[in-house]
**Q** 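Below is the structure I would like to discuss, written out as structure tokens.
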Amino acid sequence: MRYIDEFRDPATAARLVDRIKRLARGRRLRLMEFCGGHTHAIGRYGLGRLLAPEVDLLSGPGCPVCVTSATDLDYAVALAAVPDLVLATFGDMMRVPGSAGRSLMHARSEGADVRLVYSPLDALALAQQLPDRPVVLLGVGFETTAPGVAATLLQAESQTVDNLLLLSLHKTTPPAMRAILCGGDTNLDGIIGPGHVSAVTGSDAWQFVPEEYGIGVAVSGFEPLDMLQAIASLIEMAVEQRPRVENCYGRGVDAHGNAAAQTLLKRCFAPSDAEWRGLGALEESGLALITDLQHRDVRALYPLDVDRAPEPPGCRCGDVLRGVLLPTACPLFGRRCTPRDPVGPCMVSAEGSCAAYYRYAEVQDA
Amino acid sequence: MISDERILMAHGEGGELTRDLIQSVFVAALDNDELRALGDAAIVPAPGDRLALTTDSFVVKPAVFPGGDIGKLAVCGTVNDLAVAGAVPRYLTTGFVLEEGLELALLREVVRSMAETARQAGVTVVAGDTKVVERGAADGLYINTAGLGHVPAGRSLGPERLCPGDLLLVNGTLGDHGMAVMMAREGLPFDTPIASDCAPLNDLVETMLVAGGAYVRCLRDATRGGLATVLNEWAGDRVGLALNETALPIAPAVAAACEFLGLDPLYVANEGKLVAAVAPDAAPAVLAAMRAHPLGGEAAVVGQVTASHPGLVTLRTPYGSERVLPMLAGGQLPRIC
């Protein structure tokens, strides 16, 4: 495959692994891959094993499905049960259990009209097909997904499709990064910065990490050579004690990001407080609809009474999302909690860390 | 003669329309003495001492896709299940569930394709049944086939015969069928078309068994869930299976489509691919025989049976690391067969 094989060359990978091991000079360094896509790439290519013992890779909160709080999920499930209402969601959200283990899939089996969409525009088309029914798009995602949702809302505005509503559970990533670094319980030597998020925000969005917390960020793509290059860069920064933001994903990311996407976000959303699974309520980490778009805010139109939901008993997704606990160290992992019968969200989502560790288990020496 | 261009409820009600449909569509295409008799049961000569019997239902959407259709699939699926059990397929039966409103032209095309594939595989469709359900109660048409074959004396294939050191062979590129159906269903505009590999494998299996005899330990067609799922069914208390990623034949268009859609070709269905475990001494001869067969040109040794991690299927990556290929909780793609 052109444009991909170049970034998967085994001989170059072996040279980079050697270089990383030499740079570490016998030290053992702890790096966090912020993004769930990176956790999956590490598993798929078996990079964790190749880099041991010099590099420990911890997964972060970079899976939007996983950080959606149980309370927000319970609201979505309750919303789906409203007669006549159509809930349009991306596939990943279907199986995520809220409190009491109930998911949108359960709601659908009981008669709720929950539709899978691949793009926010599918929800707009649905609203046009069903003009007499409220069609709610379940907006879950980071800076990567939210601009597409914003563009869809603006299109609905210009076409006066008034029955398209939004449940915005969108979140922005810098506040979560800050919460993890402030928490102080992960003790990191560097962060593999998210590739797709940074394509929108620009790599400069992470300047506060070296400046305020004294560790480096290397923004990375999702191929093995991208990741090894970023890891080598972080090890070098850590060993030399010269933290900075390094953009190792130049073919997708620049310092300032995607101005058009940023403008779309500003035209539709304003920062708001948001509840993160594992991190709690974080100030200005959510994206709420601006006043001019209040008529599309489903929470204002359907203020359903939903109790504050506790996390599922025994579930350690919160610790996994903060990089405090490896998925395999959770007592439920692979026993009570599997992709087939998930307890926590990290086992459900395609980007979830537990799902990645389950899917790409390393072979233990006999 | 049938004048209506679509299936009506009356086509399933046992009257004249039913009779016309059976004669003009099914008997006309699948023509043979047993079927023509239209008895309650087909009476056939016993093909041998040991019989193999199997059944499978087909609900693929869309019914016609590049490289095949539901009729061809319904024959191949059952023929291949018999073949990889070591049986020589002989007779099929088929049951059709038709949705009211189905275009008759489509049904004719499917049955014609079924007949052609049966001829190619050397099997006879000796009995059949048709039912019609109301519009919306089914999606176009569903087909069931059952197959009967005989197992020649002395032949025994099965995962209990796997020995550490046996080599794993496949007869060609992986994931073609699942991706062809996916692309057709979603209307994804890729420049390079992907065609299903749907094909009857019984002749290839005979060729392999002639070349390798009892050294061919076990065969499976890698259908639903793909190669990784089938191998997980082989892994047991005694043995594990180890695949080598660089050895796996995957067509560039399939690799690109999987990459694009976030799918793993090792879990994508095939309908004309089998995996064989062969004792190492016999593997070169079996591989050569496969490569000389029209359905095995890209055959390859992709891994081996191992005692070092019983119960697990593993993949050695091009980077030298080794990871587990687990059974997936659900399929990656629904309704592909």
Side-chain angles (χ1 to χ4, degrees), chain A residues 1-5 7-18 37 40-52 91-92 94-95 105 116 118-119 122 222-225 227-228 334 337-342 347-351 355-366, chain B residues 164 182 185-188 190-192 228-229 232 235 239-247 250-267 303 306-334:
Chain A
M1 270 172 289
R2 283 177 66 198
Y3 311 122
I4 286 190
D5 288 344
F7 299 97
R8 291 185 182 170
D9 177 51
T12 314
R15 282 198 295 277
L16 276 167
V17 169
D18 273 353
H40 275 259
I42 289 163
R44 175 173 170 188
Y45 304 110
L47 302 184
R49 191 63 176 271
L50 293 181
L51 296 171
D92 272 8
M94 281 295 279
R95 297 177 58 232
M105 201 164 64
L116 284 189
Y118 292 100
S119 146
D122 294 345
F222 296 83
E223 298 302 328
L225 297 192
M227 298 212 61
L228 290 171
C337 183
T338 62
R340 183 174 162 182
D341 193 9
M347 190 58 97
V348 179
S349 165
E351 290 186 9
Y357 275 76
Y358 191 91
R359 171 80 170 74
Y360 298 115
E362 288 174 351
V363 178
Q364 303 302 317
D365 292 324
Chain B
M182 177 77 177
R185 186 190 306 168
E186 303 299 333
L188 297 172
F190 273 57
D191 283 348
T192 316
T229 304
N232 266 287
V239 294
L241 293 312
L243 292 176
N244 187 355
E245 192 171 348
T246 51
I250 295 166
V254 170
C258 282
E259 194 65 44
F260 187 75
L261 296 168
L263 302 172
D264 184 341
L266 291 180
Y267 291 89
T306 168
S308 68
H309 44 72
L312 292 181
V313 181
T314 62
L315 180 75
R316 175 160 293 276
T317 72
Y319 312 102
S321 50
E322 198 172 12
R323 63 176 169 87
V324 178
L325 290 174
M327 201 78 134
L328 291 190
Q332 294 192 115
L333 306 167

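To find a chain, count down the sequence lines: A is the first, B the second, and so on, and within it residues start at 1.
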**Q** Could you check which of B/Thr317, B/Thr246, B/Leu315 has the highest count of heavy-atom pairs closer than 4.5 Å to chain A?
**A** B/Thr317
**Q** What part of A/Ala14 gets within 4.5 angstrom of chain B, counting heavy atoms only: side chain, backbone, both, or neither?
**A**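 Contact with chain B is absent: no heavy atom of A/Ala14 under 4.5 Å.
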**Q** Are B/Asp264 and A/Arg359 packed together at the side-chain level, in the sense that at least one heavy-atom pair is separated by less than 4.5 angstrom?
**A**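 A side-chain contact under 4.5 Å exists here.
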**Q** Check each atom of B/Ser321 against the heavy atoms of chain A and say whether the ones under 4.5 Å are side chain, backbone, both or neither.
**A** both
**Q** CZ/B/Arg323 to CG/A/Leu47 distance, rounded to the nearest 0.5 angstrom?
**A**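 Answer rounded to 0.5 Å: 10.5 Å.
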**Q** What residue, out of B/Pro252, B/Ala253, B/Ala255, has the most heavy-atom pairs lying under 4.5 Å from chain A?
**A** B/Ala255
**Q** Could you report the tightest heavy-atom contact between B/Tyr319 and A/Leu50, atom names first, then the distance?
**A** O-CD2, 3.3 Å
**Q** Any idea which heavy atoms bring B/Pro318 and A/Pro10 closest together, and the distance?
**A** O-CB, 3.4 Å
**Q** Determine, for A/Arg8 against B/Glu259, whether the closest basic-nitrogen to carboxylate-oxygen distance falls under 4.0 angstrom.
**A** yes
**Q** Shorter than 4.5 Å, heavy atoms on both sides: which option in A/Ala361, A/Gly43, A/Ala13, A/Ala11 has the most such pairs with chain B?
**A** A/Ala361
